[in-house]
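In what follows, a single structure is set out as structure tokens and then discussed.
One-based numbering, in listed order, for ligands and for the atoms of each.
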Amino acid sequence: MDLGIRGRRALVAAASKGLGRGCAEALAAAGVDLVINARGAEALARTAAEIRAAHGVNVTEVAADITSEAGRAAVLAAAGAVDILVTNAGGPPPGHWSDWGRDDFIRALDANMLTPIALMQAVLPGMIARRWGRIVNITSQSVKAPIATLGLSNAARTGLTGFVAGTARQVAPDGVTINNLLPGIHDTDRATSLDSGVATGAGIPLEEARARRAATIPVRRYGTVEEFGATCAFLCSAHAGFIVGQNLLLDGGAMNATL
Ligand code: NAP
């Protein structure tokens, strides 16, 4: 299917690997020029070069911490007028409800709620003026079904979801859609790091922790970044203009719910 976005320009945050990279790759495959970001300059440059070589699109890379004001300013300055925004950042660490103090919550809110909101506020005026835009926020299944050990993530991402719910309806008349993608467990370094914590805690090998988790998912495997990216690119496509303010769960059926 031609996604109808060839020649458009996208900013994809936190995209040197994992889910962000999956989104960047799928947009590039649809002919979209990219501005991609991550903190580590070397991995980011490698990813940019690989995407350029594979898809022949323009890729600008900006190494910066997207959760800092200076980092966002650098990324937004390089991005200029974008038609598509994919927000993303690293997730907060796991722990217990009794572990976290005010500073931990502020860090999580900054990364996973206030950063995507700031990026949206920066690009929305231009999208509205041009009467076309697509925004996808990478959030988590935890906004629908809490993951107890990820209390910081549960809290911050639910705040973002509330903001998007109202704002998506405010900007829809101007041709701009905002939706959230909610990953269940996907095969990325973040998943391996969380599985390593479980393996250490339970005194079992990493592979065993992974197999146990996969067994809880109806498709019996982790999601792939390619599947995730393809869904993201469709939400950014010309065909998705009637999808507004949705929270799309990509979890292999893991959340046991009728609706
Ligand atoms: P990942 O494989 O660890 O990749 C994270 C990417 O984000 C890397 O490119 C990393 O590069 C970049 N990044 C991290 N912090 C950044 C920052 N402050 N500024 C700029 N770039 C940053 O993680 P992932 O699995 O793709 O996860 C992406 C998001 O989805 C996270 O918020 C995660 O919590 C959420 N999520 C993931 C899953 C899953 O199963 N994978 C499930 C639910 C939710 P640098 O380190 O070089 O900056």
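- With respect to atom 28 (C) of ligand 1, the closest heavy atom belonging to the protein is N88 OD1, 3.4 Å.
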Show me the side-chain donor-acceptor pairs of residues 138-145 shorter than 3.5 Å, one per line, residues at least two apart or across chains.
| from | atom 1 | to | atom 2 | distance (Å) |
| --- | --- | --- | --- | --- |
| S140 | OG | S142 | N | 3.0 |
| S140 | OG | S142 | OG | 3.2 |
| S142 | OG | N154 | OD1 | 3.4 |

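- Here the protein heavy atom with the shortest distance to atom 19 (N) of ligand 1 is I66 N, 3.0 Å.
- In terms of protein heavy atoms, atom 24 (P) of ligand 1 is closest to T188 OG1, 3.7 Å.
- Taking distance alone, with nitrogen or oxygen atoms compared against 3.5 Å, G40 approaches ligand 1 more closely than that limit.
- Of all atoms in ligand 1, numbered sequentially from 1 with element shown, those under 4.0 Å from a heavy atom of I185 are 40 (O).
- Relative to atom 35 (C) of ligand 1, the option among E42, R157, H186 with the closest non-hydrogen atom is R157.
- Checking side-chain atoms of D174 against main-chain N and O of M127 turns up no donor-acceptor pair under 3.5 Å.
- Under the 4.0 angstrom criterion for non-hydrogen atoms, G71 is not in contact with ligand 1.
- Taking the six-membered ring where tryptophan is involved, the planes of F234 and H239 are essentially parallel, since the angle between them stays under 30° and well short of 60°.
- At under 3.5 Å, a nitrogen or oxygen of G91, whether backbone or side chain, sits near a nitrogen or oxygen of ligand 1.
- Closest protein heavy atom to atom 26 (O) of ligand 1: L19 N, 2.7 Å.
- Protein heavy atom at the shortest distance from atom 31 (C) of ligand 1 is A89 O, 3.2 Å.
- Only side-chain heavy atoms of I138 come within less than 4.0 Å of ligand 1; its backbone N, CA, C and O stay farther off.
- Atom CG of residue L11 and atom CG of residue N37 lie 7.5 Å apart, to the nearest 0.5 angstrom.
- To the nearest 0.5 angstrom, N247 atom CG is 9.0 Å from L160 atom CG.
- To the nearest 0.5 angstrom, D189 atom CG is 10.5 Å from L19 atom CG.
- Note: an N/O pair closer than 3.5 Å links D65 and ligand 1 by distance alone.
- Around CD of E50, the count of heavy atoms belonging to other residues, nucleotides or ligands within 6.0 Å exceeds 12.
- Taking each of R21, Q141, R190 in turn, the one with a heavy atom nearest to atom 3 (O) of ligand 1 proves to be R190.
- Interatomic distance, CG of L119 versus CG of L114, reported as 11.0 Å (0.5 Å rounding).
- Atom 9 (O) of ligand 1 has its closest protein heavy atom at S16 OG, 2.6 Å.
- Under a 4.0 Å N-O distance rule, the pair R107/D104 qualifies as a salt bridge.
- Using a non-hydrogen distance threshold of 4.0 Å, A64 registers as a contact of ligand 1.
- For T139, every heavy-atom contact with ligand 1 shorter than 4.0 Å involves the backbone, none the side chain.
- At a 3.5 angstrom cut-off on N or O pairs, P183 does not count as close to ligand 1.
- Contacts with ligand 1 closer than 4.0 Å are made by heavy atoms of both the backbone and the side chain of A14.
- Between A191 and ligand 1, no pair of N/O atoms sits closer than 3.5 Å.
- Taking CD1 from I185 and CD1 from I147, the interatomic distance works out to 7.5 Å, rounded to the nearest 0.5 Å.
- Here the closest non-hydrogen pair linking N112 and G90 is ND2-O, 3.3 Å.
- Two different hydrophobic clusters hold L34 and V82 under the rule that ILVMFWY side chains link at heavy-atom gaps under 4.5 Å.
- Remark: ligand 1 atoms within the under-4.0 Å shell around heavy atoms of N37 are 20 (C), 21 (N).
- The protein heavy atom nearest to atom 46 (O) of ligand 1 is R39 NH2, 2.9 Å.
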For this session: Please test L194 against R213 for side-chain contact (heavy atoms from CB on, under 4.5 Å), starting from the C-alpha separation and ending with a verdict.
Result: CA-CA 11 Å; L194 292 173; R213 186 132 74 131; 4.2 Å; yes
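- For atom 38 (C) of ligand 1, the closest non-hydrogen atom on the protein side is G184 O, 4.0 Å.
- Listed by atom number, the atoms of ligand 1 under 4.0 Å from T67 heavy atoms are 18 (N).
- The backbone N or O of P173 lies less than 3.5 Å from a partner atom in the side chain of R131, making a donor-acceptor pair.
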